[in-house]
Q: 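Below is the structure I would like to discuss, written out as structure tokens.
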2 protein chains.
Amino acid sequence: MKEGPDIALIGSLIGDPARANMLTALMGGRALTATELATHAGITLQTASSHLSKLEAGGLLSQRKQGRHRYYQLAEDEVGLMLENLMGFAASRGMNRHRPGPKDPALRKARVCYNHLAGDYGVRMYDSLIAEKQIEINGDDLALTPAGQSRIEALGIDYSALTKSRRPICRTCLDWSERRSHLAGSLGEALLTLFIDKGWAKREANSRAIRFTANGEKAFSELFPQ
Amino acid sequence: MKEGPDIALIGSLIGDPARANMLTALMGGRALTATELATHAGITLQTASSHLSKLEAGGLLSQRKQGRHRYYQLAEDEVGLMLENLMGFAASRGMNRHRPGPKDPALRKARVCYNHLAGDYGVRMYDSLIAEKQIEINGDDLALTPAGQSRIEALGIDYSALTKSRRPICRTCLDWSERRSHLAGSLGEALLTLFIDKGWAKREANSRAIRFTANGEKAFSELFPQ
DNA sequence: GGGATGCTTCGATTACCATCGAAGTATGAA
DNA sequence: TTCATACTTCGATGGTAATCGAAGCATCCC
């Protein structure tokens with residue numbers, strides 16, 4: 001009768017539209033204040049505060065106090081992966097909140113998935129890394145090959161810093177628009193940071209969308225050939 | 001602000017305890033009648049009926065009329081995968097509805113995941129199939145190798161019947177207790193059916209648990225060596 | 001046909017929870 | 001200290017949805 005883990009609890013946390021909007025906003029990867037999240041959800045600050053403490057109690061969000069602000073973010077990588085997964089399922093059922101709008105193609109092309117690159121570009125990068133044997137699949141785990149390691153170090157990513165964290169370096173995440181895997185984990189995060197630092201890509205203001213510059217497009221295609 | 005698919009809708013569907021109990025019960029793989037599902041959820045038939053039509057409208061369940069009974073089951077493999085995934089997330093957050101009971105070890109050892117084998121045995125089978133190169137990973141897809149094909153035909157599984165369906169033959173599913181992949185898809189289903197038809201394993205009455213016989217244990221170890 | 005079983009629909013009730021106004025706490029600035 | 005900003009807590013309200021009794025269909029059996 002009552003077997004296994006309690007999916008009703010998470011379900012009810014995500015099931016409220018205001019909370020779902022907040023979580024979606026946080027999938028953009030930026031830590032947001034309570035007030036910002038309230039506007040995203042279209043509710044007052046009091047209501048938002050109540051929702052946020054529920055999400056935090058449920059382990060979906062974590063909080064960081066900074067002066068008189070409280071910055072909220074997804075508690076862990078797993079939360080982002082789970083949400084992207086749910087979005088994929090929802091999309092496959094045609095559960096869309098709007099008819100595909102002008103922003104939609106941009107999202108499908110490239111977007112932030114919590115802290116790494118997703119969309120067409122995310123999948124292309126993943127496929128290219130696999131094809132060039134810079135990452136490889138061992139059962140459930142994804143690992144950086146020696147070739148891949150020297151490659152990312154050449155790009156200026158500090159490999160030893162990645163190994164210090166307890167988080168997995170490589171990890172797959174199921175892309176909701178492409179229905180295929182892309183790269184998550186600390187390397188996925190480092191690569192997106194790199195693109196932005198180099199000025200190849202920019203995050204859009206209130207959106208998950210990522211816009212590549214002309215230079216960025218070129219560099220990306222060279223780095224990750226089809 | 002309102003980007004991407006509507007996760008709140010699925011969330012709210014799963015978020016009700018009665019509905020979550022029904023879905024969990026249907027993860028046992030058997031099609032159940034409305035009355036049976038009502039008892040599983042601990043509610044009256046009227047209430048259950050209302051929940052069931054919501055779940056059906058949401059695309060999570062499908063219905064089959066047989067005489068005066070209505071048999072409900074998960075609409076598609078994807079629904080089962082999504083639920084198992086959510087359970088994994090819930091379990092990792094310690095969201096359990098009960099302190100680990102006597103049934104719990106049995107579930108972790110071997111259980112039905114909608115229509116295929118899960119738990120320790122499910123993962124062992126998957127690992128063995130990979131290690132012996134009978135299935136292989138190509139990017140996101142799992143494929144049966146020629147060796148694997150003749151192997152399952154030797155076991156008495158009708159390979160051509162598997163290819164006729166539009167469903168993928170091989171597919172990975174994330175195991176909530178082991179936190180690793182096991183085999184889903186039409187082959188996963190066929191293998192579990194085979195175990196039961198041969199009398200190697202039995203489904204328990206009102207549970208997802210699967211009990212292997214002494215013969216079954218032996219046959220399983222020989223077929224899928226560590 | 002008559003009766004029983006399985007399920008749905010209707011209607012009324014209840015309980016929960018999202019919502020917001022108002023007041024309270026904390027941090028920062030002046 | 002005083003004022004402003006950011007947020008939480010309290011309390012009251014309202015709306016939604018879960019719940020169940022009763023009645024209505026549908027199917028099967030005799």
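Quick note on labels: first sequence line is chain A, next is B, and so on, each numbered from 1. All values reported here derive from a predicted model rather than from experimental measurement.
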Q: Which nucleotide sits closest to the side chain of A:S50: C:dT19, C:dT27, C:dT8?
A: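 Looking only at heavy atoms from C-beta outward on A:S50, the closest nucleotide is C:dT19.
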Q: In the structure I gave you, are the side-chain heavy atoms of B:L129 and B:M125 within less than 4.5 Å of one another anywhere?
A: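 With C-beta onward as the side chain, the pair touches.
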Q: Does the plane of the ring in B:F212 sit parallel, tilted or perpendicular to the ring in B:F195? Use 30° and 60° as the thresholds.
A: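 Aromatic pair B:F212/B:F195 classed tilted.
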Q: Taking 5' to 3' order, which nucleotide of DNA chain D is first and which is last to have an atom within less than 4.0 Å of a heavy atom in chain A?
A: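 The contacted stretch runs from D:dA4 to D:dT9.
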Q: Mind checking if B:S53 touches a base, just sugar-phosphate, or nothing, with heavy atoms under 4.0 Å?
A: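 Since no nucleic acid heavy atom lies under 4.0 Å of B:S53, the category is nothing.
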Q: If I take atom CD in residue B:Q46 and atom C1' in nucleotide C:dT13, what distance separates them, rounded to the nearest angstrom?
A: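 Interatomic distance, CD of B:Q46 to C1' of C:dT13: 14 Å.
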Q: A quick test of your reading: do over 12 heavy atoms of other residues, nucleotides or ligands sit less than 6.0 Å from CZ of A:R211?
A: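 No, because the 6.0 Å sphere around CZ of A:R211 holds 12 heavy atoms or fewer from other groups.
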Q: Categorize A:Y71 for me: base, sugar-phosphate, or nothing, with a 4.0 angstrom heavy-atom threshold over every strand shown.
A: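 Nothing, no heavy atom under 4.0 Å.
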Q: Let me know the distance between CG of B:L37 and P of C:dT8, rounded to the nearest Å.
A: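 Rounded to whole Å, this separation is 11 Å.
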Q: Send over the distance from B:L45 CG to C:dT8 P, rounded to a whole Å.
A: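 Computing the B:L45:CG to C:dT8:P distance gives 7 Å.
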Q: Just how far is it from atom CG of A:L117 to atom NE2 of A:H182, taken to the nearest 0.5 Å?
A: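 Going from CG on A:L117 over to NE2 on A:H182, the span is 8.0 Å.
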Q: May I have the distance from A:L52 (atom CG) to C:dT19 (atom P), rounded to whole angstrom?
A: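 Value for this atom pair: 12 Å.
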Q: Find which nucleotide of DNA chain C each of B:Q63 and A:R68 is nearest to by heavy atoms, and output the residue with the more 5' nucleotide.
A: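 Taking each residue's closest nucleotide, the earlier one in sequence belongs to B:Q63.
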Q: Specify the separation, in whole Å, of atom CG of A:D16 and atom C1' of C:dC16.
A: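 From A:D16 CG to C:dC16 C1': 13 Å.
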Q: Closest approach to the side chain of B:H69, judged atom by atom: which nucleotide of C:dT19, C:dG6, C:dA29 is it?
A: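 The nucleotide sitting nearest to the side chain is C:dG6.
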Q: Check whether any side-chain heavy atom of A:V79 sits under 4.5 Å from a side-chain heavy atom of A:Q73, and report yes or no.
A: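 Side chain of A:V79 against side chain of A:Q73, heavy atoms only: no contact under 4.5 Å found.
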Q: I need the CD-P distance between A:Q66 and C:dG28, as an integer number of Å.
A: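 Going from CD in A:Q66 over to P in C:dG28 covers 10 Å.
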Q: Going by heavy atoms in the side chains, are A:T172 and A:D140 under 4.5 Å from each other?
A: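 No, every pair of side-chain atoms sits at 4.5 Å or beyond.
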Q: Would you indicate, yes or no, if C:dT19 has its OP1 or OP2 atom less than 4.0 angstrom from a side-chain nitrogen or oxygen of A:H51?
A: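 Yes, because at least one side-chain N or O of A:H51 sits under 4.0 Å from OP1 or OP2 of C:dT19.
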Q: What integer distance in Å separates B:L32:CG from C:dG6:C1'?
A: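 Result: 15 Å.
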Q: Going from CD on B:Q63 to OG on B:S53, what distance comes out if it is rounded to the nearest 0.5 angstrom?
A: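 Atom-to-atom, B:Q63:CD and B:S53:OG are 9.0 Å apart.
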Q: Starting at atom CZ of A:R70, determine the distance to atom P of C:dA26, rounded to an integer number of angstrom.
A: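 Value for this atom pair: 10 Å.
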